[in-house]
Amino acid sequence: MSDDTPVVIIVEDEPDVAETYRLWLESDYEVRMAHSGDEGLDELDESADVVLLDRMMPGLSGDEVLARIRERGLGCRVAMVTAVEPDFDILEMGFDAYLCKPIKSEQLVETVENLLERSDYDDLLQEHYSLVEKRATLEAAKSNAELADNDEYLATKERLKELQDDLSETLGGIESDEDFIATLRGLDDPEG
Amino acid sequence: MSYDLTGPLDFDALGSVRPGSNILISGPAMAGRSDLAFSMLAGGSREGEGAIVMTTGDPADDVLADYRNRVENLDESRVAVVDCRGEGGRDSEHTPDGAYVHHVSSPGDLTGIGIGITRGIETLTDSGATAGRFALDSLSTMLTYTDRKTAFQFCHVLSSRFDSAGYVGLFTIDTEAHDEQTVQVIKQAFDGMVEISSDGGSRQARVLGLDGQPTDWQEF
């Protein structure tokens with residue numbers, strides 16, 4: 001697989017379940033497995049894009065692993081996998097998504113795709129902002145006449161327009177509540 | 001459909017505003033930015049649209065009391081307030097008259113604000129409001145809690161959300177409270193701008209960006 005293939009880490013103590021997830025994902029992603037929370041933390045590094053994290057495991061629980069991931073400032077997206085429907089307000093939690101067992105193949109694939117799209121959105125948002133700053137700086141420094149044939153300014157405006165379009169197409173323009181809250185949570189805590 | 005934001009101001013550019021548009025209301029201190037934003041919000045409530053107010057200064061009760069004075073026979077089940085003054089932490093309630101009030105721990109708690117707005121839109125939709133207007137008063141206070149990058153991205157993400165919800169958003173900013181670069185950056189998150197200037201006793205406004213060329217100044 002190429003270096004651009006997204007990396008998914010499965011942290012799940014039941015080997016059969018973990019193996020099933022791997023089979024569903026391995027054609028599109030580089031999949032790594034960890035059979036406990038501790039192993040999961042060893043496996044995690046900057047290359048990880050998505051983590052599927054079982055909530056109930058012997059040793060380190062899913063919640064504890066999540067806390068360590070956030071502490072280490074890793075940029076990966078974390079989907080919590082639970083055996084029961086969570087009884088807390090999912091919007092308030094630090095997870096990016098949750099899945100209830102038993103998970104169906106298409107559900108898992110959709111969740112991973114959505115989480116990767118959120119990362120794309122965040123990257124676009126960062127690039128967009130740096131150009132917004134640049135445009136404001138150029139506009140402050142130069143007159144309208146100077147701007148009209150300033151190549152750097154015109155290129156900045158052009159690229160901003162492209163990014164606007166990309167942003168409104170990504171995540172369906174933030175149509176879902178989950179995507180909206182998760183994106184704002186990312187702004188609240190840029191390290192997380 | 002489109003939104004008619006005229007009333008306090010009589011510009012063609014405000015007569016039929018596309019759903020999903022987000023407008024910055026800018027001007028110096030005491031020039032009447034908040035008053036203008038709430039007047040534009042009230043125009044929608046009179047037609048049965050939903051209204052969401054995000055307040056960083058006045059408590060929800062005061063906002064609601066003022067709003068009742070603006071709209072005769074207000075259907076409060078179509079009003080939501082996200083109160084960000086940080087009293088009472090994150091919780092929510094319905095007032096006896098049916099308005100939805102959501103408290104957020106501070107104007108810098110973007111996740112809490114997002115949850116409040118999400119619940120607000122849900123509540124208004126459940127009450128039968130098929131369109132709605134949102135007002136944030138003010139971005140200037142918010143900018144004392146977050147840096148301009150965060151504030152800009154917040155406005156941008158909110159714009160996208162209102163675009164999919166078909167809402168129209170109004171955001172006030174005190175141009176004298178920030179350096180020029182901050183205002184120039186924040187402006188870029190919006191589809192258009194209503195600029196207010198106040199000169200002695202008279203107030204003037206003009207519209208930029210919604211309909212191409214800037215309009216002439218109009219007294220109001």
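Any value given below was found using the heavy atoms of this structure, including those in side chains, with hydrogens, waters and symmetry copies removed.
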Quiz item: Do NZ/NE/NH1/NH2 and the carboxylate oxygens of A/E133 and B/R148 come within less than 4.0 Å?
Solution: yes

Within the 4.5 Å heavy-atom criterion, are [X] and [Y] side-chain neighbours or not?
| X | Y | answer |
| --- | --- | --- |
| B/Q188 | A/L160 | yes |
| A/H128 | B/F152 | yes |
| B/I115 | A/F180 | no |
| A/D177 | B/I121 | no |

Would you say that more than 12 heavy atoms from the other residues, nucleotides or ligands in this model lie under 6.0 Å from the [atom1] of [X], or not?
| X | atom1 | result |
| --- | --- | --- |
| B/F11 | CZ | yes |
| B/M30 | CE | no |
| A/N144 | CG | no |
| B/D179 | CG | yes |
| A/R68 | CZ | no |
| B/E176 | CD | yes |

Looking at [atom1] of [X] and [atom2] of [Y], how far apart are the two atoms once the value is rounded to the nearest 0.5 Å?
| X | Y | atom1 | atom2 | answer |
| --- | --- | --- | --- | --- |
| B/K149 | A/S130 | NZ | OG | 8.0 Å |
| A/L171 | B/S164 | CG | OG | 10.0 Å |
| B/T146 | A/L187 | OG1 | CG | 9.5 Å |

In terms of heavy-atom proximity below 4.5 Å to chain B, should [X] be classed as side chain, backbone, both, or neither?
| X | value |
| --- | --- |
| A/T183 | side chain |
| A/E175 | both |
| A/Q164 | side chain |

Compare every heavy atom of [Y] with every heavy atom of [X], then report the nearest pair and how far apart it is.
| X | Y | value |
| --- | --- | --- |
| B/G114 | A/L184 | CA-CD1, 3.4 Å |
| B/V185 | A/A136 | CG2-CB, 3.8 Å |
| A/Y121 | B/H156 | OH-CD2, 4.0 Å |

Practice problem: With a 4.5 angstrom heavy-atom cut-off, could you sort out which part of B/F154 is near chain A: side chain, backbone, both or neither? | Solution: both

Exercise. Among B/D163, B/L110, B/I113, single out the residue with the greatest number of heavy-atom pairs under 4.5 Å to chain A.
Key: B/L110

Practice problem: Specify which of B/Q184, B/Q153, B/K187 makes the most heavy-atom pairs with chain A at under 4.5 Å. | Solution: B/Q153

